[in-house]
Protein chains: 2
Amino acid sequence: MARTSSTEGGRKAPSAQGVRQASLTDVAELAGVSHMTVSRVINGTGPVRPETRARVEAAVRELDYRPNSAARTLATGKSETLGVVALDSTLYGPASTLYGIEHAAREAGYAITISSVSRPQRQSISDAVEYLRRQAVEGILVIAPHEAAGQALEFTPRDVPLVAVGAAESAPVPVVSVDQRDGARRATKHLLALGHRTVWHVAGPADWLEARAREQGWSETLEAHDIEAPMVVRGDWSPRSGYEAGRTLLAAGRPTAVFVANDQMALGMLRAFAEAGVAAPRDVHVVGFDDVPESAYYSPPLTTVRQDFIEVGRQAFELLMSRLRNEGTGTRHLITPELIVRESTGPR
Amino acid sequence: MARTSSTEGGRKAPSAQGVRQASLTDVAELAGVSHMTVSRVINGTGPVRPETRARVEAAVRELDYRPNSAARTLATGKSETLGVVALDSTLYGPASTLYGIEHAAREAGYAITISSVSRPQRQSISDAVEYLRRQAVEGILVIAPHEAAGQALEFTPRDVPLVAVGAAESAPVPVVSVDQRDGARRATKHLLALGHRTVWHVAGPADWLEARAREQGWSETLEAHDIEAPMVVRGDWSPRSGYEAGRTLLAAGRPTAVFVANDQMALGMLRAFAEAGVAAPRDVHVVGFDDVPESAYYSPPLTTVRQDFIEVGRQAFELLMSRLRNEGTGTRHLITPELIVRESTGPR
DNA sequence: GTGCACAGTGTTAGCGATAACAGGCATCTG
DNA sequence: CAGATGCCTGTTATCGCTAACACTGTGCAC
């Protein structure tokens with residue numbers, strides 16, 4: 001089609017902000033039909049003669065009509081919107097999960113409203129949920145892998161479907177998560193299989209359920225091999241805390257094998273080791289957790305446990321949808337992680 | 001107050017999903033007033049006798065009333081919701097910006113609806129904007145630092161306020177961004193000041209405006225020193241592409257100074273160098289961009305250019321708000337980045 | 001004591017959409 | 001050819017809220 005210059009531009013994009021959006025009725029008038037007919041054309045409900053349909057569609061284009069979602073929500077009771085309670089962080093895991101959810105939702109035509117919490121406290125999580133309920137969301141996904149989240153969810157109202165991502169097994173709501181304990185067991189076994197007498201552990205924050213599950217998987221594996229678990233060093237997921245943990249470990253007696261609860265801390269620890277002249281894999285074997293994109297390029301490339309966060313997000317969305325449809329399907333999805341072996345546990 | 005056990009619990013959290021949410025009218029009936037009085041109590045508009053107010057508040061609690069935002073939006077024309085077009089990625093920058101925005105918005109009582117795009121194409125960005133408009137957002141923030149975003153924004157409707165984050169200076173909308181060129185100039189000057197005869201550059205994807213601005217800052221600095229710019233090696237922000245760039249550089253003649261367009265690629269490059277026995281800072285000086293939390297723990301710790309993404313998010317939100325209030329304040333905010341010097345450009 | 005201001009409340013009319021039902025006019029069926 | 005059965009369209013009520021205005025009563029100025 002040839003460009004019709006000024007007319008089109010001028011009509012479609014009036015610079016003033018005051019122009020009212022066209023409504024169904026406006027379109028109906030212009031097309032010479034009733035507003036219901038327009039509604040039927042827009043939504044594809046009910047039969048409309050092709051000729052009429054064309055007239056309506058022309059009017060829609062002419063007025064640049066856009067359905068008002070608030071009105072639709074009010075009339076139907078359905079908002080086609082989901083709420084997500086997300087962590088206010090750029091941690092790789094939570095951020096990836098968020099995108100997994102957003103993706104799945106968008107494909108299904110659902111909008112996503114986010115409410116983030118800076119600190120994993122019971123109150124703030126309850127607040128976030130409450131806030132979302134006010135936004136008339138149809139369901140809520142909570143990405144909040146801490147203890148506090150589990151507690152907050154206990155007192156969550158039951159009248160809006162809710163799915164937790166990565167929360168406690170004991171949480172009173174449906175849950176989708178990666179099997180952290182299994183991942184930790186794989187990591188620990190891998191290190192033991194390399195001939196180490198014991199495996200040390202740098203854990204995440206104690207109030208993170210995932211940190212605790214990894215710790216558990218580690219300690220129960222040692223136990224199964226009749227090995228007494230050494231002291232746990234705790235970090236906060238950050239590279240800096242991993243660095244400090246590394247120095248602590250060096251002082252505590254130079255481990256030969258360390259399972260670190262996430263890749264970023266492993267990076268910090270490797271750095272602390274390197275500064276002390278302790279090289280991996282020559283002097284120490286290290287396994288991380290998460291498989292962040294960088295971990296293959298650490299020095300040395302890091303053996304780690306891969307979690308498929310996108311899949312977690314997808315399954316969480318699916319589970320929520322099935323709840324919305326009132327299908328009482330499963331209440332807990334566990335996703336199995338995968339051990340990725342790289343140089344940090346390679347030949348010395 | 002003592003807990004009244006079963007009555008309360010039973011009424012407030014009926015497990016069935018079918019129970020209708022209480023409406024203003026329900027509350028009004030229970031409190032023995034008109035629905036308008038309830039509305040006034042809820043919103044604090046208009047005078048209400050303390051006694052009446054108390055009765056209404058009791059009824060609100062009793063019924064666990066929650067205002068219906070769709071109805072409110074329909075009646076007032078204000079949705080108190082902003083739309084954000086975000087990149088479907090876990091890149092540190094975009095993710096951080098998103099959280100900066102969310103934070104600022106939440107404090108101001110605005111909800112955030114996200115629409116993410118997987119690939120920075122003009123069409124997908126237009127679609128995302130269109131999608132948000134349908135959600136009745138009051139304003140839109142576009143985090144999309146690519147060429148395509150700039151193009152898409154040109155054809156964006158003018159009737160919903162829109163602010164771009166990190167887009168082209170030439171974009172036809174208000175923009176908030178970090179001064180990439182300035183950052184690149186600082187990085188390049190820093191390397192030149194260390195006595196290098198030239199500085200190589202590993203650039204980001206050509207369709208990212210930020211990549212181009214950094215490249216420009218680099219090349220114009222060389223030019224100002226009468227140095228001919230060496231060949232540009234291009235990556236895609238990923239550590240893997242940085243690794244490949246590193247190998248390319250090694251083959252192309254072993255540079256002594258490299259400015260890499262982001263930290264992750266710098267990591268990959270350092271890895272490629274290390275594998276070839278080229279150590280930083282002994283044999284080569286490297287500067288990155290972004291200052292991701294990990295960069296202080298790379299081997300060696302990376303000199304880089306810090307961008308305050310949270311501040312970017314905050315200012316973008318502010319700018320959008322001022323647009324909403326129809327204050328014609330500034331149209332472009334530039335935030336100055338900061339050079340962080342670490343070992344990767346340290347003494348040899 | 002009349003009038004006026006104002007606190008406190010109620011009534012009515014939308015906002016823009018869908019739901020539910022009610023036709024008019026063909027076309028088929030018997 | 002009457003009646004039934006669709007297609008296509010229109011009318012009306014309704015979702016839950018706020019805006020706008022109307023109404024009562026009290027307290028105070030004059």
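Just so it is clear: chains get the letters A, B, ... in the order the sequence lines come, proteins before strands, and each one is counted from 1. The shown structure was predicted, so the numbers you read here are calculated from the model rather than taken from an experiment.
Between B/R40 and B/T52, the closest side-chain pair of non-hydrogen atoms is not below 4.5 Å. Counting only heavy atoms from C-beta outward, the side chains of A/M321 and A/L324 approach each other to under 4.5 Å. The side-chain heavy atoms of A/T113 and B/T81, taken from C-beta on, include no pair separated by under 4.5 Å. Side chains of A/V137 and A/L82 form no contact here, defined as non-hydrogen atoms less than 4.5 Å apart. Residues A/Y65 and A/L30 form no side-chain contact, since every pair of their non-hydrogen atoms from C-beta on lies 4.5 Å or further apart. Using a 4.5 Å cut-off on side-chain heavy atoms (C-beta onward), A/V160 and A/L132 make no contact. Counting heavy atoms from C-beta outward, B/S69 and A/R134 have side chains that stay 4.5 Å or more apart.
Inter-axis angle, ends of the helix from C/dG1-D/dC30 to C/dG30-D/dC1, five pairs per end, rounded to 10 degrees: 50°.
Considering only side-chain N and O atoms, B/T37 lies under 4.0 angstrom from the phosphate OP1 or OP2 of C/dG10. In terms of phosphate contacts, A/S39 brings a side-chain nitrogen or oxygen within less than 4.0 Å of OP1 or OP2 of C/dT18. Checking the phosphate oxygens (OP1, OP2) of D/dC8, no side-chain nitrogen or oxygen of A/R40 falls inside 4.0 Å. Between D/dC15 and B/N68, no contact under 4.0 Å exists linking OP1 or OP2 to a side-chain N or O. The shortest distance between the side-chain N/O atoms of B/R72 and the OP1/OP2 oxygens of D/dT18 is below 4.0 Å.
Between B/L74 atom CG and C/dA13 atom P there is a gap of 18 Å when expressed in whole angstrom units. Rounded to whole angstrom, the span from the CZ atom of B/R49 across to the P atom of D/dT24 amounts to 16 Å. Separating the NZ atom of B/K78 from the P atom of C/dG16 is a distance of 14 Å, rounded to the nearest angstrom. Between A/L24 atom CG and D/dT11 atom C1' the separation is 15 Å, expressed in whole Å. Distance CD1 (B/I42) to C1' (D/dC17): 11 Å, rounded to an integer number of Å. C/dA20 atom P lies 14 Å from atom CG of A/N43, rounded to whole Å.
Here the nucleotide nearest the side chain of B/P67, chosen from D/dC17, C/dT9, D/dT9, is D/dC17. Checking D/dT12, D/dG16, C/dT11 against every side-chain atom of A/M36, the shortest atom distance belongs to D/dT12. Listed nucleotides: C/dG16, D/dC8, D/dC17. Nearest to the side chain of A/A71: C/dG16.
A/R314 has a carboxylate O that lies under 4.0 Å from a charged side-chain N of A/E318, or vice versa, which qualifies the two as a salt bridge.
Counting any heavy atom pair closer than 4.0 Å across all strands shown, A/S34 reaches a base atom. Within the 4.0 angstrom heavy-atom criterion, only backbone atoms of the sugar-phosphate kind lie near B/T52; the bases stay farther away.
No hydrogens or angles were tested; on distance alone, a donor-acceptor pair under 3.5 Å links the side chain of A/H35 to the base of C/dT18.
Between B/G32 and A/T45, the residue anchored closer to the 5' end of DNA chain C is B/G32, taking for each the nucleotide with the nearest heavy atom.
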